[in-house]
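Below: the structure, in structure tokens.
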Amino acid sequence: MPLLYTIGKLTVAPALRLAFRPTVEGLEHIPDSGGAIFAGNHLSVADELFLGTVVPRHLAFWAKSEYFTGTGPKGAFSKFVLTGLGAIPVERAGGRAALSAFDAAIPVLKAGDLVAVYPEGTRSPDGRLYRGRTGAARLALAAGVPIIPVGMIGTDKAQPIGTRVPRPGRAKITVRFGKPLDFTGRPDDRTSLREMTDEVMAEIQKLTGQEYVPRYAPPRAQPATPADAPTTPGDASA
């Protein structure tokens, strides 16, 4: 476990537990050893904080590459913190640049570490669960590890989009872990990746009770529309 992450587990994690008293369910689904991918819904920046707080092992989060390349004192500090926490930079522009995150995550997983991803690709703009992107399924097949569904409840109330820190007393925080999904032996063609991703999102929905929107989450500057009618993950098209 990286030194800075260990320091956080000994300082920040106990403080969050004391201040928010999160409820944790399904810890028995977290393996004591070996690689695994945690795939969860994404309501708030606080999701990472609480997930890291309740998972006893080190979690490597994917973080926007901009956090590693900023300039000035703020940029240097951001890079220092994320590197010290063992975060994996990811390019959001797509193409070959985006695949560098997979290249970095695969050896981490094969070495027996844990990686956390958010299949929706961005925070939900309205609290609903949006269609998942296939990256988590692709990574699970490439690394030969299971996916553990994660359901976060209440983090969007504790730290709404636009606020800097989570605030106690605003909501009850619940973190739920589902049974590991093992996709070993499944093909990695586009249709199969879509099916596996929909299975993951269905399990996340069971954990959170969120309404499901069968399309990708809009950018934060673009609000969700009434046409985003809720349905079930199984109804999502490929």
Side-chain angles (χ1 to χ4, degrees), residues 4-5 7-25 38-55 59-90 92 116-133 150-177 204-205 207-213 216-226 228 230:
L4 195 57
Y5 198 96
I7 294 173
K9 293 290 285 184
L10 296 175
T11 56
V12 178
L16 287 174
R17 289 195 194 94
L18 181 63
F20 292 89
R21 301 186 182 281
T23 297
V24 185
E25 301 174 8
F38 285 78
N41 60 322
H42 201 10
L43 298 173
S44 166
V45 173
D47 294 337
E48 290 96 333
L49 285 174
F50 287 102
L51 187 57
T53 293
V54 303
V55 173
L59 266 174
F61 289 93
W62 281 359
K64 290 187 295 185
S65 61
E66 300 95 284
Y67 293 148
F68 293 84
T69 58
T71 58
K74 184 177 180 181
F77 178 74
S78 174
K79 180 179 180 180
F80 168 76
V81 170
L82 290 174
T83 301
L85 292 174
I88 300 172
V90 57
R92 305 184 90 180
V117 301
Y118 296 101
E120 290 170 280
T122 187
R123 284 169 284 172
S124 172
D126 53 18
R128 294 186 290 177
L129 183 67
Y130 283 77
R131 190 186 197 203
R133 299 181 183 274
V150 181
M152 308 293 296
I153 300 173
T155 52
D156 54 334
K157 303 295 190 303
Q159 187 178 359
I161 293 175
T163 58
R164 294 187 175 183
V165 295
R167 299 178 183 179
R170 289 194 168 191
K172 176 64 179 175
I173 304 296
T174 301
V175 185
R176 293 175 176 155
F177 298 99
I204 293 174
Q205 186 189 35
L207 296 171
T208 65
Q210 292 170 277
E211 294 181 347
Y212 182 77
V213 182
Y216 297 126
R220 276 191 287 164
Q222 175 185 340
T225 67
D228 295 332

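Heavy-atom basis, side chains included; hydrogens, waters and symmetry copies ignored. This chain uses plain numbering: 1 for the first residue, then up along the sequence.
Applying the 6.0 Å contact sphere to CZ of R17 captures more than 12 heavy atoms from other residues, nucleotides or ligands. No more than 12 heavy atoms of other residues, nucleotides or ligands shown are found within 6.0 angstrom of CZ on F77. Other residues, nucleotides and ligands place more than 12 heavy atoms under 6.0 Å from the CZ atom of F68. Counting non-hydrogen atoms of neighbouring residues, nucleotides and ligands closer than 6.0 angstrom, the NZ atom of K79 reaches no more than 12 such neighbours.
In this pair, Y118 and F61 present their aromatic rings parallel. The plane angle is below 30°, not in the 30 to 60° band.
For the pair M152 and V175, the minimum side-chain heavy-atom distance is below 4.5 Å. Contact annotation: the side chain of L43 approaches that of N41 to within less than 4.5 Å [non-hydrogen atoms, C-beta and beyond]. Two residues are said to be in side-chain contact when any heavy atoms from C-beta on lie closer than 4.5 Å; R133 and Y216 meet this criterion. At least one side-chain heavy atom of L49 sits less than 4.5 Å from a side-chain heavy atom of L16.
With rounding to the nearest 0.5 Å, the separation of OH in Y5 from CG in L10 is 12.0 Å. The CG atom of L82 sits 15.5 Å away from the CH2 atom of W62 when rounded to the nearest 0.5 Å. Going from atom CZ of R123 over to atom CD of Q159 covers 8.0 Å, rounded to the nearest 0.5 Å. Distance CD/E48 to CG/L59: 10.5 Å, rounded to 0.5 Å. From K9, atom NZ reaches atom OG1 of T53 across 6.5 Å, with rounding to the nearest 0.5 Å.
A donor-acceptor distance shorter than 3.5 angstrom exists from the side chain of T208 to the backbone of I204, with no hydrogens or angles considered. The main-chain N or O of F80 is never found under 3.5 Å from a side-chain atom of T83 such that the two would form a donor-acceptor pair. With E66 contributing its side chain and G70 its backbone, the two residues share no donor-acceptor pair below 3.5 Å. Of the possible donor and acceptor atoms, one in the side chain of Q210 sits under 3.5 Å from a partner among the backbone N and O of G127. Side chain of R128 to main chain of V213: no donor-acceptor pair is present (N/O by atom type, distance under 3.5 Å, no hydrogens or angles).
Using modelled atom types and a 3.5 Å distance limit, the side chains of D47 and T155 yield a donor-acceptor pair. Side-chain contact annotation: K172 with T23, donor-acceptor N/O pair under 3.5 Å present.
Proximity of the aromatic rings of Y130 and Y212 is defined here by a centroid distance below 6.0 angstrom, and this criterion is not met.
Each of E120, H42, E211 was evaluated against L129; a single residue qualifies, E120, per the side chain to side chain contact (heavy atoms under 4.5 Å, CB included) test.
The two residues A39 and P119 have their closest heavy-atom pair at CB-CG, 3.9 Å.
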